[in-house]
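Working notes for the structure below.
By convention here, the first residue in the shown sequence is residue 1. Note that this is a predicted model, so its numbers are computed, not measured.
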Amino acid sequence: MLYLGLDVHSKWMTVKGFDPSTGELVEIIRLRNDADSLAETFGSLRGPLSGVMESGTNSWAVYRTLEPYFETLIVVDPATVWGREGRRGAKTDRRDAFKLATKMHRGELEPLYVPDVATQDLRALGRGKINASRHVTKLVNELGALLRSWGIVVHCSLLSKEGRQLIEASKPKLPEHSQKVLELWLQMLKTAQEAETELERAIKAETAKDEDCQRLMSIPGVGPLTALVVRAEIGDINRFASASQLVCYCGLSPTVSQSADSVYYGKLNRFCNRFLKYVLVLRAQNIARSKSDNPMRQTYWRVLLRHKTNHAKIAMARQLVRIIYSLLKKKQCWDASRITTRMRSRAPAAA
């Protein structure tokens with residue numbers, strides 16, 4: 001077995017590894033990432049091959065290209081591999097690649113989930129909508145800052161009809177260059193809103209024909225965007241052994257520092273899927289503002305009476321994740337009666 005570590009970059013990679021039975025060393029420096037170069041290089045190596053590479057922007061594409069040439073090929077998280085390990089001396093791509101191969105030979109690496117083509121495509125759609133909305137928000141903030149810098153009071157949302165009238169009325173009051181910047185911001189805002197609308201339309205069309213998205217949309221307050229992002233970012237629900245693992249993957253579990261009988265719970269774990277965390281916390285916030293009564297809103301107010309607002313939002317987001325896990329695992333739709341009955345049966349014991 002030839003163990004290979006692949007230090008992959010955007011345009012090229014460095015490969016280094018060894019065969020533990022023969023002691024043979026393999027080293028390939030600055031190998032281009034195009035399909036022809038990869039096929040020619042790895043197709044000429046004597047197998048069987050076992051490889052490891054770190055996750056990155058092009059890791060899934062490189063993985064799919066190299067998978068036919070490897071008996072075992074895994075993708076790992078750099079933060080998990082290196083952690084706080086003290087790296088003395090020179091840091092080079094060859095050393096990193098060889099260290100990856102060594103760790104794989106020792107069985108010290110935990111592979112990441114590799115999404116299929118359809119799941120990765122859905123992820124691109126959901127993430128594109130989130131980034132488009134953030135771009136719109138950023139442009140609106142830039143417009144408001146520009147108007148306020150010239151003493152114009154912004155008393156309404158600039159996306160509303162009244163806000164548009166305020167912008168048009170403010171143009172003659174601005175100097176030449178500031179007026180030019182305002183016009184350019186408005187053009188960029190229009191383009192961003194058109195992209196956001198087009199992505200929303202695509203998301204609604206996709207969720208209408210996906211069974212898992214339909215199950216998720218049966219939960220009160222969950223719309224097409226949340227359903228699609230959750231469906232795409234989770235992928236195969238069976239890769240999570242419990243709902244607690246999914247909560248940790250979403251970044252809703254606190255960091256823990258334990259020594260003997262002392263246990264300290266700190267801030268939320270920042271090594272997580274940030275898109276899942278974003279939509280779940282945002283959805284929990286919207287459910288808390290709604291007037292319809294449901295078990296998640298009851299959890300929000302129960303926690304809010306003893307803790308702060310953010311604590312209540314996170315607690316409700318965790319409950320939402322557990323509900324999502326149950327629905328996807330059992331392939332069922334939302335049924336508030338079963339959840340409400342279970343909560344009532346536990347109420348006397350909790351009191």
pair Q187-L184: side-chain heavy atoms closer than 4.5 Å: yes
Would you kindly say whether H135 and E196 are connected by a side-chain donor-acceptor distance under 3.5 Å? no
Distance in Å, N273 CG paired with L246 CG, rounded so as to fall on 0.5 Å steps: 10.0 Å
Using a strict threshold of under 4.0 Å (side-chain N to carboxylate O), is an ion pair present between R239 and D236? no
Treating R30 as the side-chain partner and T14 as the backbone partner, does any N or O pair qualify as donor plus acceptor under 3.5 Å? no
Taking C-beta and beyond as the side chain, do I28 and K16 meet within less than 4.5 Å on heavy atoms? no
Ignoring hydrogens and geometry, is there a side-chain-to-backbone donor-acceptor pair from T197 to Q193 under 3.5 Å? yes
Please answer: with hydrophobic residues joined when any side-chain heavy atoms are less than 4.5 Å apart, are L280 and I237 in the same cluster? yes
Whether T226 side chain and V222 backbone form a donor-acceptor pair below 3.5 Å: no
Can we say R215 and E211 salt-bridge, meaning some charged N sits less than 4.0 Å from an Asp/Glu carboxylate O? yes
Are L328 and V247 connected in the hydrophobic side-chain network, where two residues link if heavy atoms are under 4.5 Å apart? yes
Would you call the rings of H307 and H311 parallel, tilted or perpendicular if under 30° counts as parallel and over 60° as perpendicular? perpendicular
Would the distance check show the side chain of S326 and the main-chain N or O of I323 forming a donor-acceptor pair, the cut-off being under 3.5 Å? no
Go through it in stages, so that I can follow the logic: the residues are R231 and L122, the test is side chain to side chain contact (heavy atoms under 4.5 Å, CB included), and I'd like the CA-CA distance, side-chain angles, deciding distance and then a yes or no. CA-CA 8 Å; R231 156 74 176 83; L122 289 179; 4.3 Å; yes
Starting at OG1 of T92, measure out to NZ of K99 and round the result to the nearest 0.5 Å. 11.5 Å
May I ask you to test the D7-L100 pair for a side-chain heavy-atom distance under 4.5 Å? no
Going by the angle between their ring planes, with limits at 30° and 60°, are F42 and F70 parallel, tilted or perpendicular? tilted
Hey, are R64 and Q120 close enough side-chain-wise for a donor-acceptor pair under 3.5 Å? yes
For E233, does its backbone N or O pair with a side-chain atom of R123 as donor and acceptor, under 3.5 Å? yes
Give a yes or no answer on whether the side chain of N58 reaches the backbone of A61 with a donor-acceptor pair at less than 3.5 Å. no
For F240, is there any backbone N or O sitting under 3.5 Å from a side-chain donor or acceptor partner on Y325? yes
Do E200 and K129 come close enough that some side-chain heavy atom pair is under 4.5 Å? yes
Check whether T207 reaches the backbone of C213 with its side chain - one donor and one acceptor, N or O, closer than 3.5 Å. no
Cation-pi check, R127 to Y278: give yes when NZ or CZ is under 6.0 Å from the six-membered ring centre and within 45° of the ring axis, no otherwise. no
Within the side chain of T41, is there an N or O that forms a donor-acceptor pair under 3.5 Å with the backbone of L38? no
Please tell me if the side chains of S59 and E54 come closer than 4.5 Å, counting only heavy atoms from C-beta onward. no
Test: E198 and R201 ion pair at under 4.0 Å: yes
May I ask whether L6 and M104 are part of the same hydrophobic cluster, defined by side-chain heavy atoms of I, L, V, M, F, W, Y residues being less than 4.5 angstrom apart, directly or through others? no
Nearest non-hydrogen partners of C272 and Y249, listed with the distance: CB-O, 3.5 Å
Would the distance check show the side chain of N33 and the main-chain N or O of H9 forming a donor-acceptor pair, the cut-off being under 3.5 Å? yes
